[in-house]
Amino acid sequence: GLIYTNKESVSLGLVVTTAELTRAEKSIHEMLEQFKAHPAVQPLIKGGKLLEYSGHMVAEGGYDMIPTLYDNGIVAIGDAAHLVINVGYTVRGMDLAIESAVAAAQAIVEAKAKADFSATTLAKYKQLLDDSFVMRDMKHFSKFPHFMENHRIFNEYPALAEELLASIFVVDGGEPVSIIKKLMAPMKRVGLLNVAKDAWKGMRAL
């Protein structure tokens, strides 16, 4: 779930994978209505008026999913080029879309000056992308989409963090317990081997 506070409005959203959606017992609309009714969300939109409702398919396959970026008379930018980076704590797309649009515009201006919109001329677009942060960052995070397919990232680890933080900040008058011991209990439920493997894969992906 996400909340964007704009100058004169509030945007609410949900991110759901197509794989999870096929297994879900609720529709996207029902999920969103439940999210809107959440005690942390409902006060923010109380008395508000719905201005827009939309859905969007986001390609998160990363670098390995990038299609052919140009051909005779055409270039693909932004989402159409699958220029999206999901690293869990943030999803990047707008910056990549803007930069790819700038590169496309430069290539098209040159093509127009030559009156030649062939794939050979528009290959300049791919060259400009390769020289920009777009392809650099897409390549850098190329392993992350596979890492994000791990269900523990969205289920077990948030619960682990919640339990650990609650145990750290709750004062109940009992005997002091080291943070390591407090951490071990929820980690054992996830599985120490699973935690170690996921941490290793995460570091390699980053």
Side-chain angles (χ1 to χ4, degrees), residues 1-21 28 32 51-154 157-158 161 197-206:
L2 58 92
I3 302 175
Y4 295 153
T5 52
N6 312 310
K7 288 185 177 180
E8 297 180 355
S9 64
V10 175
S11 299
L12 305 180
L14 296 177
V15 179
V16 185
T17 66
T18 51
E20 290 296 335
L21 190 58
I28 285 282
L32 185 58
L51 299 177
E52 182 181 5
Y53 188 97
S54 65
H56 184 65
M57 185 73 77
V58 179
E60 295 184 349
Y63 183 76
D64 294 335
M65 196 176 180
I66 295 175
T68 300
L69 294 173
Y70 62 92
D71 207 333
N72 295 321
I74 188 171
V75 293
I77 68 172
D79 275 8
H82 293 187
L83 300 178
V84 179
I85 298 174
N86 180 1
V87 288
Y89 57 88
T90 185
V91 178
R92 288 176 53 192
M94 285 185 280
D95 61 322
L96 304 173
I98 291 170
E99 186 67 15
S100 64
V102 170
Q106 292 175 354
I108 292 169
V109 166
E110 290 188 21
K112 185 177 181 181
K114 297 176 181 178
D116 178 8
F117 294 94
S118 66
T120 302
T121 301
L122 291 176
K124 176 71 174 182
Y125 167 55
K126 177 64 165 55
Q127 178 188 330
L128 291 168
L129 273 189
D130 287 340
D131 292 339
S132 73
F133 72 85
V134 174
M135 287 303 181
R136 180 199 66 197
D137 291 5
M138 291 293 294
K139 289 178 181 178
H140 180 79
F141 293 107
S142 62
K143 296 179 181 178
F144 221 80
H146 304 294
F147 174 69
M148 292 297 293
E149 292 173 359
N150 184 346
H151 67 88
R152 285 188 291 272
I153 294 173
F154 301 100
Y157 292 131
K197 288 193 300 185
D198 292 342
W200 173 246
K201 289 180 181 178
M203 287 188 291
R204 291 188 64 192
L206 287 172

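Sequence positions, counted from 1, serve as the residue numbers for this chain.
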Asker: Between Arg136 and Asp131, does any side-chain N to carboxylate O distance fall below 4.0 Å?
Answerer: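 No, Arg136 and Asp131 are not salt-bridged.
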
Asker: Would Lys126 and Asp130 count as a side-chain contact (heavy atoms from CB on, under 4.5 Å) if you check the C-alpha gap in whole Å, the side-chain angles of each, and the deciding distance to 0.1 Å?
Answerer: CA-CA 6 Å; Lys126 177 64 165 55; Asp130 287 340; 2.9 Å; yes

Asker: Which pair of non-hydrogen atoms, one from Ala119 and one from Tyr70, has the smallest distance, and what is that distance?
Answerer: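 Heavy-atom minimum between the residues: O-CE1, 3.3 Å.
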
Asker: Has Ile74 got more than 12 heavy atoms of other residues, nucleotides or ligands less than 6.0 Å from its CD1?
Answerer: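 For Ile74, atom CD1 is not crowded (no more than 12 foreign heavy atoms under 6.0 Å).
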
Asker: Step by step, would you call Leu32 with Tyr53 a side-chain contact (heavy atoms from CB on, under 4.5 Å)?
Answerer: CA-CA 11 Å; Leu32 185 58; Tyr53 188 97; 3.5 Å; yes

Asker: Checking Ser118 against Asn72 for the side-chain hydrogen bond (donor to acceptor under 3.5 Å, both in side chains) test, could you report, in this order, the C-alpha distance in whole Å, the side-chain angles of both residues, the deciding distance, and whether it holds?
Answerer: CA-CA 4 Å; Ser118 66; Asn72 295 321; 5.0 Å; no

Asker: Would you compute the distance between atom OG1 of Thr121 and atom NZ of Lys114 and round it to the nearest 0.5 angstrom?
Answerer: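 Result: 5.0 Å between the selected atoms.
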
Asker: Do Leu21 and Ile28 come close enough that some side-chain heavy atom pair is under 4.5 Å?
Answerer: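 Counting from C-beta outward, Leu21 and Ile28 do come under 4.5 Å.
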
Asker: Is it true that a side-chain atom of His82 and a backbone atom of Ala59 form a donor plus acceptor pair closer than 3.5 Å?
Answerer: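 Not a single qualifying donor-acceptor pair exists.
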
Asker: With side chains defined as the heavy atoms from C-beta onward, is the minimum distance between Val10 and Tyr4 less than 4.5 Å?
Answerer: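 No, every pair of side-chain atoms sits at 4.5 Å or beyond.
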
Asker: Minimum heavy-atom separation for Leu12 to Ile3, with atom names?
Answerer: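 Heavy atoms only, the tightest pair is CD2-CG1, 3.7 Å.
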
Asker: Has the side chain of Ser9 got a donor or acceptor atom that lies under 3.5 Å from a matching backbone atom of Asn6?
Answerer: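 No: the side chain of Ser9 does not pair with the backbone of Asn6.
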
Asker: Enter the distance from Met135:CE to Leu96:CG here, rounded to the nearest 0.5 Å.
Answerer: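 It comes to 9.5 Å.
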
Asker: Should Arg92 and Leu83 count as side-chain neighbours, where that means a heavy-atom distance under 4.5 Å?
Answerer: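 With C-beta onward as the side chain, the pair stays apart.
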
Asker: Could you tell me which non-hydrogen atom of Leu122 sits nearest to which non-hydrogen atom of Phe117, and how far apart they are?
Answerer: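 Looking at all heavy atoms of both residues, the shortest contact is CD1-O, 3.5 Å.
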
Asker: Taking all non-hydrogen atoms of both residues, which atom of Leu129 and which atom of Ala103 are closest, and how far apart?
Answerer: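 In this case the closest contact between Leu129 and Ala103 is CD2-CB, 4.2 Å.
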
Asker: Return the minimal non-hydrogen interatomic distance between Ala104 and Val75, and the atom names on each side.
Answerer: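 Looks like CB-CG2, 3.9 Å.
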
Asker: I need the minimum non-hydrogen distance between Tyr63 and Ser142, along with the two atoms involved.
Answerer: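 Distance-wise, the nearest heavy atoms are CB-CB, 3.8 Å.
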
